[in-house]
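A short write-up of the structure that comes next.
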Amino acid sequence: MKTYDLIVIGTGPGGYHAAIRAAQLGLKVLAVEASEVGGVCLNVGCIPTKALLHAAETLHHLKVAEGFGLKAKPELDLRKLGGWRDQVVKKLTGGVGTLLKGNGVELLRGFARLVGPKEVEVGGERYGAKSLILATGSEPLELKGFPFGEDVWDSTRALKVEEGLPKRLLVIGGGAVGLELGQVYRRLGAEVTLIEYMPEILPQGDPETAALLRRALEKEGIRVRTKTKAVGYEKKKDGLHVRLEPAEGGEGEEVVVDKVLVAVGRKPRTEGLGLEKAEVKVDERGFIRVNARMETSVPGVYAIGDAARPPLLAHKAMREGLIAAENAAGKDSAFDYQVPSVVYTSPEWAGVGLTEEEAKRAGYRVKVGKFPLAASGRALTLGGAEGMVKVVGDEETDLLLGVFIVGPQAGELIAEAALALEMGATLTDLALTIHPHPTLSESLMEAAEAFHKQAIH
Ligand code: FAD
């Protein structure tokens, strides 16, 4: 049996970060991958969605450019669009392969099964290690009454734009994936209806900024229905007749569409992994139980990323991978971080830290400061004045607790807020930091000034 210091199962963002950091720390590392290097994020998640969103946004810009005197007649070539998406993915996955090799990580293709606490079987061969990192990720959740297939898509199928655009698309789920893909299809020309069970889209986020994003999406023609559930469908000659009902029950309605995209969440991918053989415990939703060191119920066996726990985000998986690798190498690392989240629609939505509600529940004396982007010179020059920056803080201590942004490049702006939170910044720190003019980043400073009732704009 070949033996290693560490075996990492899965090479998504979590797994490849773990493998590389462990190798940097001098461990002999084997990484096992059943599918493509780079996992969901690079192959069918973060990266291809952003490539498609960029193309859809470019098309949108060309259409609205007439308003400032530029006329263009864009033509859509779906085959080429698919090619662009694949080209971006290929560059990145190839890069990860090179990084693994360059750092001396041995890569083994095949499906790994645990056969003991520190033993793995791949393609009939056994491999042993002092430590294991389980980084097997997640897969789309099916919705009752909507089995995935030709008519009902998961997010992976929805990425294949070259296979044709449905004229009418129903998106079930108002989280990041549903919103992003819904906007791609809308901008490429489909009629899009999006339903969300909860009272507002992005139910885990700040409802006020989420509502602003919803309005922006509605303005460009996406029909959004909140507090609504889809209960089943029937395929007829003229399309899929989907039954919708109010979330609380009551009289329903029917929508007729050509395809349904189910984006209601994801579940940990642990089937067939043999967790029971290694006595690794999972929680009631099937996520592998871990402590702050990313260690499972079995000492020396770590779990990271989507397989371990929400939020299901690549940058969270990456950081957890580094922590697990450092612990496997004998260091003492723990996860104690703020995890920002971003929705890459345009306008973008981004948030980090506590919402008003969460801050109140945590016992803070909550106050907010808001800055509408309609007052931002830079936002106006970008044609993106619909949005706001909202800061949540503690009135007594002036401590910054959370930041929520809707607007252009919100995903880039939120990094400053994440740094401020990590450093324990006060609203005064944010307000006193000189931000270049004219930039979108000034809006953070302005929101902090508004918190102190000293806004200039
Ligand atoms: P994964 O990326 O799921 O990788 C797990 C890997 O393990 C896979 O390659 C799989 O083949 C392999 N594997 C599984 N079981 C075995 C086994 N037994 N043996 C060998 N190999 C195995 N997150 C963001 O932060 N930003 C975004 O913009 C974003 N956009 C997204 C868009 C979409 C459409 C989707 C679906 C997700 C998006 N995500 C985004 C979420 C992000 O993709 C995940 O959080 C991230 O990929 C999780 O990384 P991971 O390493 O835990 O697992």
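Indexing begins at 1, ligand by ligand and atom by atom, following the structure's order. The basis for the numbers below is simple: all heavy atoms, side chains too, and nothing from hydrogens, waters or symmetry mates. Just so it is clear, the structure is predicted and the values come from calculations on it, not from any experiment. We're numbering straight along the sequence, starting at 1.
With hydrogens left out, the protein atom closest to atom 20 (C) of ligand 1 is A34 N, 3.3 Å, a heavy atom. Taking atom 53 (O) of ligand 1 as the reference point, the nearest protein heavy-atom neighbour is G137 CA, 3.2 Å. Ranking protein heavy atoms by distance to atom 31 (C) of ligand 1, first place goes to C46 N, 3.4 Å. Scanning all protein heavy atoms for the shortest distance to atom 25 (O) of ligand 1 gives A314 N, 2.8 Å. Regarding atom 28 (O) of ligand 1, its nearest protein heavy-atom neighbour is K50 NZ, 2.6 Å. What sits closest to atom 5 (C) of ligand 1 on the protein, heavy atoms only, is A135 O, 3.4 Å.
Considering backbone and side-chain N/O of Y344, none are found under 3.5 Å from N/O of ligand 1.
With S346 as the fixed residue, the side-chain hydrogen bond (donor to acceptor under 3.5 Å, both in side chains) test singles out one of H60, R187, E220: R187. Evaluated for a side-chain contact (heavy atoms from CB on, under 4.5 Å) with V192, the options I222, L261, V224, L217 yield exactly one hit, I222.
In this structure, E139 has no heavy atom closer than 4.0 Å to ligand 1. V44 counts as a contact of ligand 1, since one of its heavy atoms falls under 4.0 Å from the ligand.
Residue R269 touches ligand 1 through its side chain alone, judged by heavy-atom distances below 4.0 Å. Residue contacts with ligand 1, taken as heavy atom pairs separated by less than 4.0 Å, do not involve N43 at all. Counting heavy atoms under 4.0 Å from ligand 1, residue R113 does not touch it at all. Within the 4.0 Å heavy-atom criterion, the part of R266 lying near ligand 1 is the side chain and not the backbone.
At a threshold of 4.0 Å, the pair D306-R269 does not count as salt-bridged, since none of the basic side-chain nitrogens sits closer than that to a carboxylate oxygen.
Inspection of the E191 and Y185 side chains reveals no N or O donor paired with an N or O acceptor under 3.5 Å.
By the ring-ring contact (aromatic ring centres under 6.0 Å, His included) test, F146 is found to be paired with Y233, residues two or more places apart in sequence or in another chain being considered.
Looking only at distances, no side-chain donor or acceptor of E412 sits under 3.5 Å from a matching main-chain atom of Q409.
Annotation for ligand 1: atoms under 4.0 Å from non-hydrogen atoms of T136 are 5 (C), 7 (O), 14 (C), 15 (N), 16 (C).
Distances from atom 18 (N) of ligand 1 to the heavy atoms of S138, A112, G178 show the closest one on A112.
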